[in-house]
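A short write-up of the structure that comes next.
FYI, the numbering just counts along the sequence from 1. Since this is a predicted model, take the numbers as computed values, not measurements.
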Amino acid sequence: MTKCFSLTETRNRCHRSTFTSSGLCSTTTDLRDGTIMHCWIPKTRTESKPNLLLIHGLGATALWQWSIFIRKLTKFFNVYVPDLVFFGGSYTTRPERTEAFQAECVMKVMEMKSVKKVSVVGLSYGGFVAYSMGVKYVEFVERVVICGSGVCLEERDLKEGVFPVCDLDEAADVLVPQTPEKLRELFGYAFFKSPCLAWLPSCFLLDFIHVMCRDYVKEKRELIKAIAKDRNLSDLPKISQPTLIIWGEHDQVFPLELGHRLKRHLGDSAEIKIIKNAGHAFCMEKSNEFFTILKSFLVDSKLQNIHHV
């Protein structure tokens, strides 16, 4: 890989172009507490449209994780897409590493952008943040979509073999990959069928790692370790908003049992949809099916409710 060309940076530019052509603009907000948050927001907010907050997971930035859907979603919503702390252009000097802190930072951005209500969709780690927002900001969050996110995991699950790894350090090595071998291992866990990316030459994978995975390595590892620390299902508050749980049938990062566990925990306020022949990265493997399920819950069901009034 030559220094004058980066395939990853080229893809970055393509994703940025998709966001801007979809009516979004890049903003940076100083929370004045040592935290800087980057967020994509509508260039012009349409008051007749509802607001939608999209929260990414670990790995690449929000651009990469939401680009495939952004044009479709901006037809129906004023869309807000933040980079969580230590991703993209967001960072903090504060010591907190919990999803509750991430939720607090996202909420401050929404307040500073004068957003009054949202539905929120969280992918993987972003689901932890979305759930935390649903708990803490009941009047602000209208609907919640949890996508392959082990919100109901317990610390003991690691030792009891629920996950393919039994040690958080090992999990962090995979989820914050620093070598082509670890990145290939991550692909293996994330996809039901190993994508062609896994077979790319190491130089291309190193390019991706250099652009996406070399900043805030220590801090990202701390985020991962904070997820399971002292976590017990009995301590998890129940969110009251209508909630959709979406899961890949063959998820190896957060096994499907955790999706069923969350449905049991929330009861009648939640429904679960399982995407067949897909793994943790079902939004990429089955993007059309994922969008159809998302639209049915966020758009179609709301229209039906309006017609029944």
Side-chain angles (χ1 to χ4, degrees), residues 5-29 35-45 51-92 102 105-106 109-110 113 115 118 120-130 145 147-149 175-177 183 186-187 190-191 195 197 200 204-217 219-220 223 280-285 287-288 290-291 294:
F5 175 76
S6 167
L7 181 61
T8 308
E9 289 291 5
T10 300
R11 290 301 302 164
N12 256 339
R13 288 192 289 272
C14 291
H15 292 320
R16 290 182 70 89
S17 176
T18 299
F19 269 57
T20 54
S21 65
S22 300
L24 302 184
C25 63
S26 172
T27 66
T28 301
T29 304
T35 305
I36 301 293
M37 292 292 290
H38 175 266
C39 186
W40 289 89
I41 69 170
K43 294 174 186 175
T44 304
R45 186 160 64 199
N51 301 314
L52 181 64
L53 176 62
L54 303 176
I55 306 182
H56 67 84
L58 298 173
T61 61
L63 270 177
W64 284 64
Q65 297 188 33
W66 290 112
S67 181
I68 191 174
F69 305 106
I70 206 69
R71 281 199 177 102
K72 295 178 180 179
L73 290 171
T74 50
K75 292 179 182 178
F76 302 101
F77 300 97
N78 298 307
V79 180
Y80 296 83
V81 192
D83 278 314
L84 295 175
V85 177
F86 301 126
F87 295 87
S90 301
Y91 60 90
T92 190
Q102 295 274 15
C105 293
V106 172
V109 174
M110 294 297 97
K113 302 301 181 186
V115 181
V118 299
V120 58
V121 183
L123 298 179
S124 192
Y125 177 72
F128 287 85
V129 181
V145 182
C147 305
S149 177
L175 294 171
V176 192
L183 185 52
L186 177 58
F187 288 148
F191 291 86
L197 292 174
L200 283 173
F204 287 97
L205 299 180
L206 280 169
D207 174 55
F208 180 87
I209 290 167
H210 177 73
V211 175
M212 290 291 177
C213 309
R214 288 281 163 81
D215 292 334
Y216 304 111
V217 174
E219 290 83 356
K220 288 175 181 176
L223 292 177
H280 187 66
F282 58 79
C283 58
M284 294 178 65
E285 292 184 291
S287 58
N288 290 335
F290 170 64
F291 179 75
L294 203 59

Open item on the list: I'd like to know if the side chain of Asp83 pairs up with that of Thr61 as donor and acceptor (distance under 3.5 Å, no hydrogens or angles considered).
Closed with: no
Open item on the list: If I take atom CG from residue Leu53 and atom CD1 from residue Ile41, how far apart are they, to the nearest 0.5 angstrom?
Closed with: 12.5 Å
Task: Check: Gln65 side chain, Gly57 main-chain N or O, donor-acceptor pair, under 3.5 Å - done: yes
Open item on the list: Before you tell me yes or no, could you show the steps for Asp207 and Val211 under side chain to side chain contact (heavy atoms under 4.5 Å, CB included), namely the whole-Å CA-CA distance, both residues' side-chain angles and the distance that decides it to 0.1 Å?
Closed with: CA-CA 6 Å; Asp207 174 55; Val211 175; 4.1 Å; yes
Task: Main-chain N/O of Trp40 paired to Ser26 side chain as donor or acceptor, under 3.5 Å - done: no
- [ ] May I have the step-by-step check of side chain to side chain contact (heavy atoms under 4.5 Å, CB included) for Leu24 and Lys43, ending in yes or no?
- [x] CA-CA 5 Å; Leu24 302 184; Lys43 294 174 186 175; 5.8 Å; no
TODO: Please determine, by modelled atom types, if Arg71 and Ser21 share a side-chain donor-acceptor pair under 3.5 angstrom.
DONE: yes
TODO: Give a yes or no answer on whether the side chain of Ser149 reaches the backbone of Ser124 with a donor-acceptor pair at less than 3.5 Å.
DONE: yes
Task: Non-hydrogen atoms of Ser67 and Phe19 that approach each other most closely - done: CA-CE1, 3.6 Å
Task: Side chains of Leu223 and Glu219 in contact at under 4.5 Å (non-hydrogen atoms) - done: no
Task: Gly126 versus Ile55, closest heavy-atom pair with distance - done: CA-CG2, 3.6 Å
Task: Minimal non-hydrogen separation, Pro177 against Leu183, with atom names - done: CB-N, 3.7 Å
Task: Test log, rule side chain to side chain contact (heavy atoms under 4.5 Å, CB included), inputs Asp215 and Tyr91 - done: CA-CA 10 Å; Asp215 292 334; Tyr91 60 90; over 6 Å; no
Open item on the list: I'd like to know if the side chain of His56 reaches the main chain of Leu84, judged simply by a donor and an acceptor atom lying under 3.5 Å from each other, with no hydrogens or angles considered.
Closed with: yes
Open item on the list: Could you go through His210 and Ser6, starting from their C-alpha distance and side-chain angles, then the distance that decides it, and tell me whether this counts as side chain to side chain contact (heavy atoms under 4.5 Å, CB included)?
Closed with: CA-CA 10 Å; His210 177 73; Ser6 167; over 6 Å; no
Open item on the list: Is the terminal nitrogen or CZ of Lys72 (NZ for Lys, CZ for Arg) located under 6.0 angstrom from the six-membered ring centre of Phe291 and within 45° of that ring's axis?
Closed with: yes
- [ ] Please report the shortest heavy-atom distance between Gln102 and Val129, naming the atom on each side.
- [x] CB-CG2, 3.8 Å
- [ ] Taking all non-hydrogen atoms of both residues into account, name the closest pair between Val115 and Asn51 and its distance.
- [x] CG1-ND2, 3.7 Å
TODO: Look at the side chain of Ser17 and the backbone N and O of Arg13, then say whether any donor-acceptor pair between them is shorter than 3.5 Å.
DONE: no
Task: Rounded distance (nearest 0.5 Å) linking atom OG1 of Thr8 with atom CG of Leu205 - done: 9.0 Å
TODO: With rounding to the nearest 0.5 Å, note down the distance linking CZ in Phe208 to CG in Leu206.
DONE: 12.0 Å
- [ ] Output yes when a side-chain donor or acceptor of Ser90 lies under 3.5 Å from a complementary backbone atom of Phe86, and no otherwise.
- [x] no
Task: Flag side-chain contact, heavy atom, 4.5 Å: Leu52 against Asn78 - done: no
Open item on the list: Check whether Phe87 forms a cation-pi arrangement with Lys220 (NZ or CZ under 6.0 Å from the six-membered ring centre, at most 45° off the ring normal).
Closed with: yes
Open item on the list: Nearest 0.5 angstrom please: Cys14 SG to Leu63 CG, how far?
Closed with: 11.0 Å
Open item on the list: To the closest 0.5 Å, what do you measure between CD1 (Ile68) and CG (Leu73)?
Closed with: 11.0 Å
Task: Non-hydrogen atoms of Cys147 and Phe282 that approach each other most closely - done: CB-CZ, 3.7 Å
Task: Residue pair Met37 / Val106, side-chain heavy-atom distance below 4.5 Å - done: yes
Task: From CZ (Arg16) to OG1 (Thr20), nearest 0.5 Å - done: 8.0 Å
Task: Side chain to side chain, Trp66 and Val79, heavy atoms closer than 4.5 Å - done: no
